[in-house]
Amino acid sequence: MANTKTIKIKRSPGDQLVQVIIYILVGGFALATLLPFVYIVAGSFATERELTERAFFVFPHTPFLKCLPVYI
Amino acid sequence: MGLAVFKKFFTGPDFIRILTNTLSISIASLIFYFPAPILLALLLNEIKNMAFKKAAQTMVYIPHFISMVIVAALTAQLFSTTDGLVYHWLIGIFGKSHAPDIMSNPKLFVPMIVGQNMWKETGYGTIIFLAALSGVDVQLYEAAEVDGANRWQKMWHITLPAIRSTIVIMLILKVGTILKYRLRTDFPDAEFHEPCCIRRI
């Protein structure tokens with residue numbers, strides 16, 4: 001039976017650096033598309049004071065649910 | 001009745017302004033927005049970690065499924081001078097007295113519109129180019145690797161020629177929509193299908 005061994009081609013340091021930059025760029029763009037949603041949803045659970053005082057947050061210090069409609 | 005509306009539109013006082021605004025947005029979109037999905041598709045194609053690639057693809061697709069009205073509301077909220085996230089960052093960089101008010105600057109209207117479209121549609125636009133890239137024969141890359149080609153040479157001589165026809169077709173389709181944006185004025189018979197932020201001009 002033939003010995004099928006996968007041989008990885010070693011990348012140069014410059015190529016590895018470019019690969020890291022590509023990962024950063026793609027990851028950054030993906031986060032840039034996602035973060036506005038996270039901010040808006042988190043802001044919908046926050047008070048107006050917290051929205052003006054804090055720049056960005058995922059979890060509000062004082063959750064505020066009164067602005068959400070309640071369907072019963 | 002039929003042609004009277006057209007006559008009224010073309011001879012109206014705002015026609016030149018409407019045409020100028022429409023063409024400036026369309027040309028700016030052609031220059032900045034059209035290459036974005038191609039660049040993102042090329043970057044995604046270079047990623048070997050499939051989990052990261054799939055996660056990034058899913059995240060960039062999401063804004064396409066959101067209405068433009070919601071995107072406009074998101075923009076207004078993010079750039080708001082009272083509690084906007086971007087305005088907070090600008091204050092941190094420029095100071096409170098020198099932070100630019102992006103939403104009220106008419107010169108930043110076209111970049112804002114193009115930026116919104118880029119944020120919303122770049123991810124979804126990569127689908128067609130990624131499909132074209134998946135059709136490239138892997139043996140071409142292997143042969144290029146054996147011949148000593150680096151990443152950029154492989155991209156220039158293999159990847160881009162492979163998707164050239166797709167780029168040309170998408171460019172033709174994009175040029176065909178160059179008069180797509182119709183901006184509201186006080187003209188009574190003008191149609192309005194664009195988000196509310198356009199009204200600021």
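Chain identifiers are assigned alphabetically (A, B, ...) following the order of the sequence lines, protein sequences preceding nucleic acid strands; residue numbering begins at 1 within each chain.
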Of the backbone (N, CA, C, O) and the side chain (C-beta and beyond), which part of [X] lies under 4.5 Å from a heavy atom of chain A, both, or neither?
X	result
B:Thr58	neither
B:Asn49	both
B:Ile91	neither
B:Gln77	side chain
B:Leu78	side chain
B:Leu40	side chain
B:Lys120	neither

Any side-chain heavy atom of A:Asp15 sitting closer than 4.5 Å to one from B:Asn150?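 A side-chain contact is absent here, since even the closest heavy-atom pair is not under 4.5 Å.
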Show the nearest heavy-atom pair for residues A:Ala32 and B:Trp119, with the distance to one decimal.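 Taking A:Ala32 first and B:Trp119 second, the nearest heavy atoms are O-NE1, 3.1 Å.
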What are the two closest non-hydrogen atoms of A:Gln19 and B:Arg151, and how far apart are they?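 Reported closest heavy-atom pair: OE1-NH2, 2.7 Å.
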B:Phe32 atom CZ, over 12 foreign heavy atoms within 6.0 Å: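 Result for CZ/B:Phe32: open.
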With a 6.0 Å cut-off (strictly less than), is the heavy-atom count around CZ of B:Phe34, excluding the residue itself, greater than 12?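 Yes, enclosed.
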Ring centre gap for A:Tyr39 and B:Trp89 strictly below 6.0 Å: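 Not under 6.0 Å, so no.
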Interatomic distance, [X] atom [atom1] to [Y] atom [atom2] [nearest 0.5 angstrom]:
X	Y	atom1	atom2	value
A:Ile24	B:Leu43	CD1	CG	12.0 Å
B:Leu74	A:Ile40	CG	CD1	5.0 Å
A:Phe37	B:Met59	CZ	CE	12.0 Å

Under 4.5 Å, counting heavy-atom pairs only, tell me which of A:Leu31, A:Thr33, A:Leu25, A:Val26 racks up the most with chain B.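 It is A:Thr33.
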